[in-house]
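Written below as structure tokens is the structure these notes are about.
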Amino acid sequence: MPGRIAGTPRQDGYRMPGEFEPHQGTWMLWPVRTDTWRLGAKPAQAAFARVAAVIAEFEPVTIGASSAQYEHARSLVPPQVRVVEISSDDAWMRDIGPTFVVNGHGGVRGIDWGFNAWGGLDGGLYFPWDQDQLVKRKVLEIENLDHYDLRHFILEGGAVHVDGEGTLITTAQCLLNKNRNPHLSKRQIEGYLRSSLNVERIIWLPRGMSDDETDGHIDEIAAFVKPGVVVMSWTDDRNDPQYEILQEAYSLLTRVRDARGRRLTVHRLHIPDRLVITAEEAEWIDPARGSYSRRPGTTFAATYVNFYICNGGVVMPGFGDKRDIEALNTLQGIFTDRKVVQVHTREIALGGGNIHCITQQQPRGG
Ligand code: KQY
């Protein structure tokens, strides 16, 4: 029987591996919220199904869907994708799913963080989020894995990236936001990150991307390619609201040293044009009191950096933008030992995230 483990991953010799380390598989959820996704979530479902099908060419994929959507989800994804019944409030498995930790001897455990829909009643994106909070435990029960109970600490998976060798990158805008863990100091928050993910060096970028409804998740701005190597969003356009933010992040990332004392190699990936929801798209999003507004003209943080690394592959967003091909070629040049596949994901981006945000890797133990 899987159960709750006392103590911390660090005390037990567990660490969060880098996303580029071998996976057992990928977890996703099925989108249904009509106040997030237009047209009753149908275009988003098609986009999620495309992402799942591409990842499934590299490794096993499991999608959690509600009982009402089980047959529909099953019919849209390839047979090798496993569909299981898991209810949720929305479909961002990166943030709603467990973070897995490994001990290097075959042991895999999960962390059940607190979740408050990106800010709770102080700027959160919807209410309630009780079904989202249960997803981590459901995934871990299905996999028969023990868990650490950190529900008293609010953390979304998209708020942190690790290199698996003791370094973590995050943003102060998100993790120190008063709508996450207002009762904790920066030092105490660092303490939780160290003891749960087993990291030594925490690199704080001051801000995430502008127009990011998550309060600046790191997974929109930068990602580890491997230890010592980072790829980040970039723009040459001085008039772009992202310009200053990205300059600041670049200057910090190229100055710091990681947990092993290395300077980081930082690759830059130019962002696409600003993503703005059209009147036609916004018309078919159901308004709901307390939910994030997606009115015509709302802009979204769009970046190619929200890619997902899987076994032998990288699945990256495309927006139908003039920079799509250049971004694909740049990323393929960085990930020389993996096949990079681009999927058109405007429908996911209109929900406020992208491929990294809708996936969660389950590492291979050992
Ligand atoms: O991990 C992410 N960056 C998640 C994006 C969540 C958007 C919620 N509408």
Side-chain angles (χ1 to χ4, degrees), residues 19 26-38 41 43-44 47-48 51 88-99 113 115-120 123-129 131-133 135-136 154-162 168-171 173-175 177 179-180 205 207-224 232-233 242 245 271 275 277 281-282 285-288 290-295 298-309 315-317 345-361:
E19 191 174 310
T26 299
W27 284 87
M28 295 176 64
L29 289 163
W30 191 246
V32 288
R33 273 193 93 87
T34 54
D35 56 348
T36 301
W37 310 107
R38 69 190 192 99
F48 274 57
V51 170
S88 60
D89 296 296
D90 205 353
W92 307 95
M93 193 54 119
R94 175 65 47 193
D95 298 341
I96 297 166
T99 299
W113 310 108
F115 178 76
N116 72 355
W118 306 274
L125 303 180
Y126 50 75
F127 176 87
W129 52 82
Q131 292 306 307
D132 285 344
Q133 181 65 69
V135 168
K136 298 175 182 79
I154 302 290
L155 185 92
E156 302 106 38
V160 292
H161 261 308
V162 298
L168 177 147
I169 341 178
T170 187
T171 69
Q173 183 195 345
C174 179
L175 269 199
N177 200 302
N179 64 12
R180 298 310 206 275
L205 300 186
R207 296 179 279 177
M209 302 267 283
S210 134
D211 296 329
D212 178 354
E213 62 195 70
T214 66
D215 298 312
H217 271 186
I218 190 69
D219 70 352
E220 296 278 354
I221 191 164
F224 278 108
M232 64 167 286
S233 304
Q242 311 288 5
I245 296 169
I271 54 176
L275 194 74
I277 191 165
E281 287 167 334
I285 295 174
D286 298 353
S291 292
Y292 188 76
S293 154
R294 292 170 206 283
R295 278 196 283 271
T298 304
T299 49
F300 296 88
T303 170
Y304 299 106
V305 161
N306 204 266
F307 56 74
Y308 178 62
I309 308 174
V315 190
M316 71 175 293
T345 52
R346 180 179 172 88
E347 294 295 341
I348 302 174
L350 293 178
N354 220 303
I355 297 173
H356 194 257
C357 307
I358 64 167
T359 50
Q360 180 63 250
Q361 68 278 4

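Counting starts at 1 for both ligands and their atoms, in listed order. Counting from 1, the numbers follow the sequence of the chain as shown.
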(message) Can you tell whether the side chains of Arg180 and Glu156 come within less than 4.0 Å, N to carboxylate O?
(response) yes

(message) For atom 4 (C) of ligand 1, what is the closest protein heavy atom, and at what distance to 0.1 Å?
(response) Asp95 OD2, 2.9 Å

(request) Starting from atom 2 (C) of ligand 1, find the nearest protein heavy-atom neighbour and note its residue, name and distance. (result) Cys357 SG, 2.6 Å

With heavy atoms of [X] as the reference, note each atom of ligand 1 found under 4.0 Å away.
X      : answer
Gly352 : 5 (C), 7 (C)
Leu125 : 8 (C), 9 (N)
Arg294 : 9 (N)

(message) Please check this pair: side chain of Thr170 against backbone of Ile218, looking for a donor-acceptor N/O pair closer than 3.5 Å.
(response) no

(request) Check for a donor-acceptor pair, side chain of Gln361 on one end and backbone N or O of Glu19 on the other, with a separation under 3.5 Å. (result) no

(request) Working to the nearest 0.5 Å, report the span between CG of Asp89 and CD1 of Ile96. (result) 7.5 Å

(message) Check this for me - ligand 1, Gly351, N or O atoms closer than 3.5 angstrom, yes or no?
(response) yes

(message) Is there a polar contact between ligand 1 and Thr36, counting only N or O atoms under 3.5 Å apart?
(response) no

(message) Can you confirm whether Thr359 sits close enough to Met93 that some side-chain heavy atom of one is under 4.5 Å from a side-chain heavy atom of the other?
(response) no

(message) According to ring-ring contact (aromatic ring centres under 6.0 Å, His included), who are the partners of Tyr126, at least two apart in sequence or on a separate chain?
(response) Trp118

(message) Can you confirm whether or not the ring centre of Trp92 sits under 6.0 Å from the ring centre of Phe115?
(response) no

(request) Mark the output for Arg33 as yes if a heavy-atom distance to ligand 1 is under 4.0 Å, and as no if none is. (result) no

(request) Tell me, please: is Tyr292 in heavy-atom contact with ligand 1, that is, under 4.0 Å? (result) no

(request) Please state which part of Asp219 comes within less than 4.0 Å of ligand 1, counting heavy atoms only: side chain, backbone, both or neither. (result) side chain

(message) Test of understanding: given a 4.0 Å heavy-atom threshold, classify the contact between Glu213 and ligand 1 as side chain, backbone, both, or neither.
(response) side chain

(request) Please work out which of the three classes, parallel, tilted or perpendicular, describes the rings of His356 and His161, given edges at 30° and 60°. (result) tilted

